[in-house]
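Note sheet for the following structure.
Only heavy atoms go into these numbers, but all of them, side chains included; no hydrogens, no water, no symmetry mates. In this text the structure is predicted, and so the values were computed from the model without any measurement.
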Amino acid sequence: MVSETVQVSCLTNGGAKNNQGFKRKHLGSGELTTASCHDGVSDDKGSIGTSSRHMTANINEDTQPDGVSKKVRLPKELTFQDMYNNQDAFDDDDDEDDSDWEPVQKHIEILKWFCTNCTMVNLDDVVHCDICGEHKESGIVRHGFYASPCSPEVDLIQVESEARGREKDLHSEASASNCSTAVGFDERMLLHSEVEMKSHPHPERPDRLRAIAASLAAAGIFPGKCCPIPAREITHEELQMVHSLEHIETVELTSQIFSSYFTPDTYANEHSAYAARLAAGLCADLASAIFSGCMRNGFALVRPPGHHAGVTQAMGFCLHNNAAVAAFAAQVAGAKKVLIVDWDVHHGNGTQEIFDQNKSVLYISLHRHEGGKFYPGTGAAFEVGSKGAEGYCVNIPWSRGGVGDNDYIFAFQHVVLPIASKFAPDFTIISAGFDAARGDPLGSCDVTPAGYAQMTHMLGTLSNGKLLVILEGGYNLRSISSSATAVIKVLLGESYGCEPENIVPSKAGLHTVLEVLKIQMKYWPTLSSSLEKLQSQWGMYSMENKRGSSVFVCIIVGIKTT
């Protein structure tokens, strides 16, 4: 299963028509390969060119076929088996030429189903997804992560009843108290969906918002403890602070087309431009409300995502850059300095491009990079900003997959917070992709809801708590819904768990942090003491064990490792 990305210079109706090179982003893999793209060519890994299949999908519903069947060619005459069973009925002297006879090939019908949780394909006789273990009849879209992954939806009546009870109790609590955490959500953003399903359901699908919203409702958080923000469409004038006029008009053009693609993995239907305007408008209004003091903090439950969208291009599932729109909205409201921390597993190349020469916005990204082999290939540690804004772009590029809580929190302690504290932002934005979460089919990392909660708490100490969290990626419904719920609980002031102590990073994680410190200390001199401290505390070397594998030995003052 693959999701394919093609770099094209213009919008195409139904696919990419430019004879250009493309990159493939493999699910669960960091491998990035290049090949040649030709007009109208497709293979079993995904449609590349314009599809000739008649599209009848309803744009208001996800396309989730129960199975894939092959047509059976029905014979118009007796089959060879019929002849064999009735030999006496035929004249042996029949001299009719049968040299062109071919036996009828019966095609076996192979039924399949796509996992609601992770979109992966399974054979029909399998009850639980081979990839994520979710039940074939999962209720996660209706009940969020509170639904059992092992049981069908029919067993969830009790969950729904308990959720209604919690919602009723907490709604009265929220009405009696100051509602200081805002959530931006509008069901019209669900209209953005891929019209024609290809090799499997698109990972960026409306069910992502449905699962998070269901989880928040089941927990009595929203509606309940959080205040809703009414959605409005962003104006062209506001978008032009972020994107070129040509880009804005190109996105708007999709409203006149039933199905279109900016790249083969970045789709649009006739409602996508509208959904993107609503998402950007919600982010702008949340930023203004939080900075002005109307709200303490907030969560933008929006799609399509935005951090890959640059000045002139839509890519990586993103149409408009929501975080950039929010940053400029905060500045219009009076913020002098804005911090954007991007923990999506993919580098936010669009956000970096927009603020590359801007000293009033500090962009910090933690992402898989692997020497440029992981999508989108940008975000190396040496990319620090340009033309006087050097040091205002900080990239923490992981060299492998599987990165978990310890590496992220270690990087926060030694890179993110020291630089951010020195920058002293007036407003903080989190580009919160949850595709580095455990179980995500694209990210293949290991961050837990507790890890996301801890990072949110750490960033909440900045900007006098003026914090806006904006949803980016994340494609395992159970992971994103549980992680988003944990983050919003921190925004509400609920316990986020124990303060981490004695964080021990992986060898690769430590190497990345040391590399970033060496590069960024030129622009943030206070990092030099942190670098010296780490180098003195850690004795690092490799040795061969009995099996010949490399063992990382850590020596930290006062800490025992097992």
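Note: Tyr274 and His192 fail the aromatic proximity criterion, with ring centroids not under 6.0 Å apart. Note: His369 and His347 fail the aromatic proximity criterion, with ring centroids not under 6.0 Å apart. In this structure, Tyr375 has its ring center no closer than 6.0 Å to that of His367.
For NZ of Lys359, the number of neighbouring non-hydrogen atoms (other residues, nucleotides, ligands) closer than 6.0 Å is 12 at most.
Taking the side chain to side chain contact (heavy atoms under 4.5 Å, CB included) definition, one finds that Ala484 meets it with Ile212, Phe299, Phe434, sequence neighbours left out. Judged as a side chain to side chain donor-acceptor pair (under 3.5 Å), and not counting sequence neighbours, Asn322 has no contacts.
Figure legend: cation-pi geometry between Lys466 and Phe427 absent, as NZ or CZ is not positioned both under 6.0 Å from the six-membered ring centre and within 45° of its axis.
Side chain of Asn406 to main chain of Pro505: no donor-acceptor pair is present (N/O by atom type, distance under 3.5 Å, no hydrogens or angles).
Using cut-offs of 30° and 60° on the angle between ring planes, the pair Phe374 and His346 is parallel. Between His243 and His320, the ring planes lie tilted relative to each other; the angle falls in the 30° to 60° range.
At a threshold of 4.0 Å, the pair Asp446-Arg438 counts as salt-bridged, since one of the basic side-chain nitrogens sits closer than that to a carboxylate oxygen.
Evaluation of the salt bridge (Lys or Arg N to Asp or Glu O under 4.0 Å) test over residues 228-238, restricted to residues two or more places apart or in two chains, returns Arg232-Glu238, Arg232-Asp285, Glu233-Arg277.
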